[in-house]
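Note that the structure is predicted; figures quoted are calculated from it, not measured. Sequence lines set the chain letters: A, B, ... in the order given, protein chains first and strands last, and positions in each chain run from 1.
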2 protein chains.
Amino acid sequence: MSQSVRRAVDLIRRAAEHPLSLTEAAEVLGVHKSTALRILQTLESARFVRRTGAGTYVLGSGIIELSELALGSMDLRQFAAAPLRTLQRKTGHTVHLAQLTGDEIIYIDKVDSPAFDAVKLPSRIGRAVSIYASAVGKTILAYLPTAERDRLLSHVVFERFTPTTCADRESLDAELVRIREQGWAVDNGEHDTYVMCVAAPIRDSRGRVIAAASMTAIEVIASLDQLKESLPLLLDTAIQISGELGYDTSEGD
Amino acid sequence: MSQSVRRAVDLIRRAAEHPLSLTEAAEVLGVHKSTALRILQTLESARFVRRTGAGTYVLGSGIIELSELALGSMDLRQFAAAPLRTLQRKTGHTVHLAQLTGDEIIYIDKVDSPAFDAVKLPSRIGRAVSIYASAVGKTILAYLPTAERDRLLSHVVFERFTPTTCADRESLDAELVRIREQGWAVDNGEHDTYVMCVAAPIRDSRGRVIAAASMTAIEVIASLDQLKESLPLLLDTAIQISGELGYDTSEGD
DNA sequence: ACCGCCCGTTGCATCATACGCAACGGGTTG
DNA sequence: CAACCCGTTGCGTATGATGCAACGGGCGGT
């Protein structure tokens with residue numbers, strides 16, 4: 001493991017959170033200012049951070065460009081973009097797309113509802129979701145081959161975030177059976193008490209579930225029942241996206 | 001300057017472009033495989049790269065998350081998102097938002113036209129634009145205070161990309177006078193012969209032009225004259241966004 | 001089935017780089 | 001005007017980054 005690289009990563013993260021002075025950078029790393037300065041100078045020349053007029057460091061456009069390069073090359077995200085925007089427009093709810101990526105399930109797109117301007121959802125593109133305490137996580141888990149599901153869950157330390165969390169393997173397994181039976185999943189405040197969500201599976205050309213689409217509401221805006229009223233649209237959207245990926249949707253669900 | 005950090009940056013960039021094996025990583029850096037491995041292991045633990053099942057390294061979701069954090073905290077981009085989507089829907093053209101950031105003008109949002117699925121535009125969020133050979137670049141330059149414009153242009157080596165490029169300071173200055181007179185700018189294939197663009201200035205609460213919005217077409221889809229037919233909508237959108245930023249739009253243009 | 005080759009990986013000794021220190025100039029505040 | 005703090009740079013040194021050798025595993029050819 002490289003200590004210098006870890007320090008650089010730490011500074012990039014902090015510069016993304018809020019503007020960072022040299023003195024602060026040295027303090028948080030626990031190194032001399034000259035050491036922090038050289039790391040920042042290297043990151044600045046790479047456009048991973050930018051020096052502001054006030055002398056502080058913020059995230060640079062080089063990171064944004066790399067991110068857009070990666071997101072732009074994701075076929076799933078490209079195919080899903082228009083159907084998800086349509087779903088958001090028709091239902092009024094915030095819409096997410098999450099994908100299994102290695103050992104994590106990551107949000108790769110999000111179409112915000114204007115109704116949420118005042119209350120920000122915690123979800124963010126690039127961020128991993130809880131695989132057992134989110135609708136998209138449970139959806140993808142439900143359809144994974146048993147060995148792969150076991151492997152993902154072997155790293156998990158179950159935590160009861162709220163009273164409705166499936167906080168052990170048995171209750172989660174029962175929930176996954178339900179999800180497979182009905183073809184969709186619900187998050188009834190399992191990670192955050194005020195956030196409700198429904199999700200539907202997205203399949204690739206071989207029929208494997210590799211992603212999920214979801215609609216999210218918070219309790220002051222819409223109840224779970226109101227969210228479920230739009231479930232048929234969500235399911236149609238997920239099937240449409242699956243079709244774009246080459247899944248033969250005539251086989252039935 | 002930190003050599004290890006520069007190597008890490010290089011690997012992150014390459015992993016974003018295409019999957020990278022350890023052997024390739026060592027070769028492109030000119031170091032031993034054990035050295036490259038340790039850098040990659042550090043980046044992987046930070047989620048800046050991800051190891052695929054095939055053993056290659058690709059860009060990690062940690063970078064995507066940082067990028068979204070930065071983009072999500074840009075007020076201009078938040079205020080502009082809905083008006084730009086409306087503009088794209090009404091006109092059918094691809095729409096961009098570019099902002100002066102330090103010494104560069106960077107695309108910070110882009111709403112694609114479905115018509116472009118087959119032909120990809122070179123523009124990308126996070127990427128710097130040519131400040132003298134793009135409509136958004138010329139728009140922002142036109143309204144900068146002279147000292148700041150001179151400072152930005154002092155770093156520029158003019159290059160004639162196409163027959164229509166303003167490839168020297170005199171012809172650029174004349175063009176900037178025209179832009180200030182008419183209140184908008186045109187790119188008639190100045191950077192890429194097949195790309196046309198019109199742009200309008202966006203002002204902050206103090207009336208300074210800090211960004212520009214644009215509509216883009218390529219010659220097989222729409223001519224520059226067809227693009228100009230939507231100019232009133234573009235100007236209205238730019239004024240609307242300026243208003244959201246606190247600019248008093250009743251002062252006249 | 002076996003062998004050779006290449007890949008990724010790790011422990012360890014070595015050396016080159018990252019590090020901290022001292023000194024500096026500049027800006028801000030009292 | 002003085003004191004303080006910031007950012008910065010040159011340089012000697014200590015340490016962390018480095019390469020090497022050895023290893024196990026997978027793959028392809030015979």
Would you say [X] and [Y] make side-chain contact, with heavy atoms under 4.5 Å?
X: B/Lys110; Y: A/Glu68; value: no
X: A/Leu76; Y: A/Ile108; value: yes
X: B/Ile125; Y: B/Arg77; value: yes

For nucleotides 4-10 of chain D, list the nitrogen or oxygen atoms of the protein found under 3.5 Å from its nitrogen or oxygen atoms, one pair per line.
| unit_1 | atom_1 | unit_2 | atom_2 | d |
| --- | --- | --- | --- | --- |
| D/dC6 | O5' | A/Thr23 | OG1 | 3.4 |
| D/dG7 | OP1 | A/Leu22 | N | 3.3 |
| D/dG7 | OP2 | A/Thr23 | N | 2.8 |
| D/dG7 | OP2 | A/Thr23 | OG1 | 2.5 |
| D/dG7 | O3' | A/Arg51 | NH2 | 3.4 |
| D/dG7 | N7 | A/Lys33 | NZ | 3.0 |
| D/dT8 | OP1 | A/Arg51 | NH1 | 2.7 |
| D/dT8 | OP1 | A/Arg51 | NH2 | 3.2 |
| D/dT9 | OP2 | A/Gln41 | NE2 | 3.4 |

Inset, instruction - Just say parallel, tilted or perpendicular for the rings of A/Phe161 and A/His191, cut-offs at 30° and 60°. - result: tilted
Pairs: protein N or O with nucleotides 23-29 of chain D N or O, under 3.5 Å:
none

Legend entry - B/Asp103/A/Arg51 ion pair, N-O < 4.0 Å: no
Inset, instruction - Spell out, as yes or no, whether a donor-acceptor pair under 3.5 Å connects the side chain of B/Glu27 to the backbone of B/Lys33. - result: no
Inset, instruction - Rounding to 10 degrees, work out the angle separating the end axes of the helix from C/dA1-D/dT30 to C/dG30-D/dC1 (five pairs an end). - result: 40°
Between atom [atom1] in [X] and atom [atom2] in [N], what is the gap in whole Å?
X: A/Arg7; N: C/dA18; atom1: CZ; atom2: P; value: 11 Å
X: A/Leu40; N: C/dA18; atom1: CG; atom2: P; value: 15 Å
X: B/Leu20; N: C/dC7; atom1: CG; atom2: P; value: 13 Å

If you compare all heavy atoms of [X] against all heavy atoms of [Y], which two are closest, and at what distance to 0.1 Å?
X: A/Glu24; Y: A/Pro19; value: OE2-O, 4.0 Å
X: B/Tyr143; Y: B/Thr139; value: CD1-O, 3.3 Å
X: A/Ile210; Y: A/Ile140; value: O-CD1, 4.3 Å

Inset, instruction - Could you tell me whether the phosphate oxygens of C/dC21, OP1 or OP2, come under 4.0 Å of any side-chain nitrogen or oxygen in A/Thr35? - result: no
Legend entry - Phosphate OP1/OP2 of D/dG16: any B/Ser4 side-chain N/O under 4.0 Å: no
